[in-house]
There are 2 protein chains.
Amino acid sequence: MAEIPNTNREQAKVVDLASVQAACHGCSLRQLCLPMGVNQVDLHRLDEIVRRSRPMQRGKHVFRLGDQFHAIYAIRSGSVKTYTMTDAGSEQITGFHLPGELIGLDAIATGSHPCGAKALETATVCELPFLQLEELAVQVPSLQHQLLRLMSKEILSDGELLTLLGKKSAEERLAALIFSLSARFKERGFSPNEFRLSMSRNDIADYLGLAVETVSRLFTRFQQQGLIDVQNKQVTIRDHDRLKELAGSNAEDRAPQARA
Amino acid sequence: MAEIPNTNREQAKVVDLASVQAACHGCSLRQLCLPMGVNQVDLHRLDEIVRRSRPMQRGKHVFRLGDQFHAIYAIRSGSVKTYTMTDAGSEQITGFHLPGELIGLDAIATGSHPCGAKALETATVCELPFLQLEELAVQVPSLQHQLLRLMSKEILSDGELLTLLGKKSAEERLAALIFSLSARFKERGFSPNEFRLSMSRNDIADYLGLAVETVSRLFTRFQQQGLIDVQNKQVTIRDHDRLKELAGSNAEDRAPQARA
DNA sequence: CAAATCCATTGATCCAAATCAATGCAGCCC
DNA sequence: GGGCTGCATTGATTTGGATCAATGGATTTG
């Protein structure tokens, strides 16, 4: 509810773009990000329209709720949360985004950002001006394909989150989040078993549709049960299998019936 | 949980495609659907790849959970629900889809359908083979644009549903659903104030993340409060404004503070 | 380095919605 | 038309997680 105050400069221009080119062709994330499947030659054309931001401090916006839409952004380093506001003023976090993921895709339809995007830690992002990207995508089928694929992936992960919020217990929700983060860190070459949660407990609660207190209690419980080790924001996974099982379901242990 | 039994024929081929062409150029939904913004000439090329299904009976699948992905579908008439299964066997419904809306978009990323799609009443759908659609989209920028727009819209509405499930009370959720259906019926030229709910109470519960009993009680309560009239599946909106207010928020009436 | 501020944890209590239980009703099929 | 079957409503009871309340730690700032 209490907004972090912004400097005037940050107000005026939310993302501060570096003058250096982003250079997708040399980026370690190209197998996860938009460049996947795009050949060398076409990749240089993508490079021409991409601008990389300067490192953004924790709490700064990539874009704000309601901002006019002109570009989508790829996370290059760090992590970013996207969120909407309820009328009552509380945040619903729609995603925690890691390097290689695209944000701002939900703004294409309406022309303005229905959610805000804020750096959870120092982060850099790559700006992809949408008109230019669309233009390039009709010329580069592999780029169009990958853009559609990434949007599809977003719809897919939203669907999973829906099930999480609609059907799962608090315990399952937190286990699923930890499990998902673990898998995504692994994809990016980081340790899947030891990582730092860049978001606050409050953010986790606002993502999972729970109260902070509940999240806190669950961390304590998971630790007591030997599932994970928690030391502030540092998490170590102790029992990957049980965590996975918990994330998948905990209602089925009393009804493990066969699927038709 | 109990699956409607399927005939062998329906098992073998889920969607039964008519031999007639779909004819987007003559379709009354073209301003809502994929053809929006596509010119006459290109529209005929779209017509060539679209196949319209025969009317599908209530309960038949457009595609099943886990089916291999080869096409997306536009609802032409009737209504369709998309849903996933939790490991415990209960459905999380991810959307109720009306004519002009696309389904199957979440399958592009993985190549198989992460959710199933079932007709809620007699419905027809248009099949858009994805490879051909992609091929056409690189040749017809306006088609690419509209496809991206519709995918974005899907992400947007998923985000709204997330907020609904994560932050809103049972009352707000149901009000929001009724309000959303009303708005979408209006868009399609139907009465926004009097319509038939094609889905069961159970489906509504599985969409809103509630128990059936809660949904039923809310319908009764809304009727008592004079918000709506309910007669089985027939709904008449009596107080549009109060319904809208309730759908937007009901927590703010005790904290109507100004936004920063 | 101390004070201030923010964030996280823990405990006690409450409540909205789930669950359990029963009856009512509508649309079907013989 | 009468019984069947699945769907919907209503009531009683329980409970998971929210809310309220207080304290404990961790960053941050002057």
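No experiment lies behind these values; they were computed from the predicted model shown. In the text below, chain A, chain B and the rest are named by the order of the sequence lines, each starting its count at 1.
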Whole angstrom is fine here: how far is it from [atom1] in [X] over to [atom2] in [N]?
X: Leu197(A); N: dT27(D); atom1: CG; atom2: P; result: 13 Å
X: Ile204(B); N: dA8(D); atom1: CD1; atom2: P; result: 8 Å
X: Gln231(A); N: dT27(D); atom1: CD; atom2: P; result: 10 Å
X: Gln57(A); N: dT28(D); atom1: CD; atom2: C1'; result: 13 Å
X: Arg201(A); N: dT27(D); atom1: CZ; atom2: C1'; result: 15 Å
X: Asn232(A); N: dG24(D); atom1: CG; atom2: P; result: 17 Å
X: Gln234(A); N: dT27(D); atom1: CD; atom2: P; result: 11 Å

* To do: State the CD-OG distance between Glu121(A) and Ser77(A), to the nearest 0.5 angstrom.
  => 8.0 Å

* Nearest-0.5 Å distance that lies between atom CZ in Arg196(B) and atom CG in Leu181(B) -> 12.5 Å

* Please round to 10 degrees the angle between the axis of the first five pairs and the axis of the last five pairs in the helix from dC1(C)-dG30(D) to dC30(C)-dG1(D). => 40°

* Would you check, one step at a time, whether the test side-chain contact (heavy atoms from CB on, under 4.5 Å) holds for Thr122(A) with Arg58(A)? => CA-CA 5 Å; Thr122(A) 305; Arg58(A) 185 174 121 76; 5.5 Å; no

Applying salt bridge (Lys or Arg N to Asp or Glu O under 4.0 Å), which residue pairs with at least one partner in [range] are found, sequence neighbours left out?
range: residues 185-194 of chain B; value: Glu101(B)-Arg188(B)
range: residues 209-227 of chain A; value: Glu171(A)-Arg221(A)
range: residues 156-166 of chain B; value: none

* Structure fact -> All heavy atoms of Leu246(A) vs all of Glu172(A), minimum pair found to be O-CG, 3.5 Å

* Taking NZ, NE, NH1 and NH2 as the nitrogens, is one of them in Lys167(B) or Asp206(A) under 4.0 Å from a carboxylate oxygen of the other? -> yes

* Does the distance from a Lys or Arg side-chain N to an Asp or Glu carboxylate O, for Lys81(B) and Glu91(B), drop under 4.0 Å? -> yes

* Positional range of nucleotides in DNA chain C within the contact set of chain A, heavy-atom, under 4.0 Å -> dA8(C) to dA12(C)

* Return the residues of residues 210-228 of chain A meeting this criterion: a heavy atom under 4.0 Å from some atom of DNA chain D. Order them by number, or give none. => Leu210(A), Ala211(A), Glu213(A), Thr214(A), Arg217(A)

* Pick from Leu177(A), Leu197(A), Val80(A): which one makes a side chain to side chain contact (heavy atoms under 4.5 Å, CB included) with Phe96(A)? -> Leu177(A)

* Do Ser79(B) and His97(B) have side-chain N/O donor and acceptor atoms under 3.5 Å apart? -> no

